[in-house]
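Structure record follows, encoded as structure tokens.
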Amino acid sequence: AAAEGDDKPSNKEKDVAEMLAGKGSVEARQAKAATTAANTKTRHLAGQALARILISTNPEMLPLSRVMDSIKPMLALIRTSGDNLMEYEGLMALTNLLSMRNTESTRGRFVSLRGIAAVEYCQFSQHPQVRCAATECFCNVIYHEEFIRHVAHDRGERLRLWISFAEEFQEEEHFKNARAAMGGIAMMAEVPPLAILLCERGAVEAMCWIVQNTDQDELHLRAVAALRAMCGVDKDATAVLPPREGSSESNSPQKDTKG
């Protein structure tokens, strides 16, 4: 179910948003959202207005300074609003900002403002779209060294959450989050230390089970990419793979069908 009030902006609205961004509206809204003098409700409403502009604006059109200055109020919005729609829009805005081509500086800003903890908190939201937006946001910082250290802590205990999300693909309201989690797992599997931890946490078995229980090509692609990367760093992972078609042997993981 869509977040209440969550309407996709039309092409005309996008054009207007880009025009406003070019005329300095982003700076004005950002300044108002970030100020500590305004009351809480005003800060949240100003932050939401900024988020809606940032969602529908190509961040490549904005000066880097505007992008950098917009990260803090977006994090404040998802930390303190307590509102599903505001959290969702703040996360979508952050995802857009962090998707820029040359984003080392923006990722660094996000990390320095403790953005990883803020977004991870949203992965535990009761609202499926907020969880999905948080997972998608993380997919733009996966290769940052601080994120790698974060998920590698405690022998990759946090990876269990990503695997759990991926396994929920059969439930319609969780499908987009599962798809995002699988994309994230495929990316993390390209980092050798994380690939080893993923294997230890059961990601190989989970990806094999998903491949065997879905006809969705986009999920197959992500699962196979993750499996290829994990098998490249852990020779024991290949023992879990299903046999080739026509083979009489079967050592594929046995899991109950979910859904």
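Sequence positions, counted from 1, serve as the residue numbers for this chain.
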Legend entry - For Tyr121, all residues meeting side-chain contact (heavy atoms from CB on, under 4.5 Å), sequence neighbours excluded: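 With neighbours one apart ignored, the set is empty.
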
For residues [X] and [Y], report the shortest heavy-atom separation together with the two atoms involved.
X      : Y      : result
Ala226 : Ile185 : CB-CG2, 4.1 Å
Leu77  : Ala51  : CD2-CB, 4.2 Å
Asn177 : Arg131 : OD1-O, 3.6 Å
Ala118 : Leu75  : CB-CD2, 4.2 Å
Thr106 : Ile71  : O-CD1, 3.5 Å
Val204 : Cys199 : CG2-SG, 3.8 Å

When you compare the side chains of [X] and [Y], does any donor N or O come within less than 3.5 Å of an acceptor on the partner?
X      : Y      : answer
Thr135 : Gln123 : yes
Thr80  : His44  : yes
Glu104 : His144 : no
Arg158 : His153 : no

Inset, instruction - Give a yes or no on whether a salt bridge exists between Glu157 and Arg201, defined as a side-chain N under 4.0 angstrom from a carboxylate O. - result: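 Looking at Arg201 together with Glu157, the answer is yes, because their closest N to O distance falls below 4.0 Å.
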
Inset, instruction - Decide side chain to side chain contact (heavy atoms under 4.5 Å, CB included) for Thr95 and Leu98; before the verdict, give the C-alpha distance in whole Å, the side-chain angles of both, and the deciding distance to 0.1 Å. - result: CA-CA 5 Å; Thr95 300; Leu98 294 171; over 6 Å; no

Legend entry - Single-linkage hydrophobic cluster, 4.5 Å side-chain cutoff, Phe165 and Met207 together: no

Any side-chain heavy atom of [X] within less than 4.5 Å of one from [Y]?
X      : Y      : answer
Arg179 : Phe169 : no
Ile142 : Ile148 : no
Arg149 : Glu145 : yes
His127 : Glu87  : no
Glu136 : Cys139 : no
Met188 : Phe147 : yes
Leu194 : Val151 : yes
Glu200 : Leu197 : yes

Legend entry - Partners passing ring-ring contact (aromatic ring centres under 6.0 Å, His included) against Phe110 (at least two apart in sequence or in another chain):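 Phe110 satisfies ring-ring contact (aromatic ring centres under 6.0 Å, His included) with no residue once adjacent residues are dropped.
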
Inset, instruction - Verify side chain to side chain contact (heavy atoms under 4.5 Å, CB included) between Trp162 and Leu198, making sure each step is shown before the conclusion. - result: CA-CA 10 Å; Trp162 288 75; Leu198 282 165; over 6 Å; no

Inset, instruction - Answer yes or no: are there more than 12 heavy-atom neighbours, outside Arg228 itself, under 6.0 Å from its atom CZ? - result: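 At most 12 heavy atoms, drawn from other residues, nucleotides or ligands, come within 6.0 Å of this atom.
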
Inset, instruction - Tell me, yes or no, whether the heavy-atom count around Glu60 atom CD, taken from other residues, nucleotides or ligands under 6.0 Å, exceeds 12. - result: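 Above 12, so yes.
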
Inset, instruction - Starting at SG of Cys132, measure out to CG of Leu91 and round the result to the nearest 0.5 Å. - result: 10.0 Å

Legend entry - CG-CZ distance between Asp217 and Arg222, expressed to the nearest 0.5 angstrom: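 The distance works out to 11.0 Å.
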
Legend entry - Arg43/Thr40 under side chain to side chain contact (heavy atoms under 4.5 Å, CB included): CA gap, chis, key distance, verdict: CA-CA 5 Å; Arg43 288 200 304 273; Thr40 301; 3.4 Å; yes

Legend entry - Side-chain donor or acceptor of Ser164 paired with backbone N/O of Arg160 under 3.5 Å: no

Legend entry - Derivation of the side chain to side chain contact (heavy atoms under 4.5 Å, CB included) call for Met182 and Glu218: CA-CA 10 Å; Met182 290 180 65; Glu218 57 185 337; over 6 Å; no

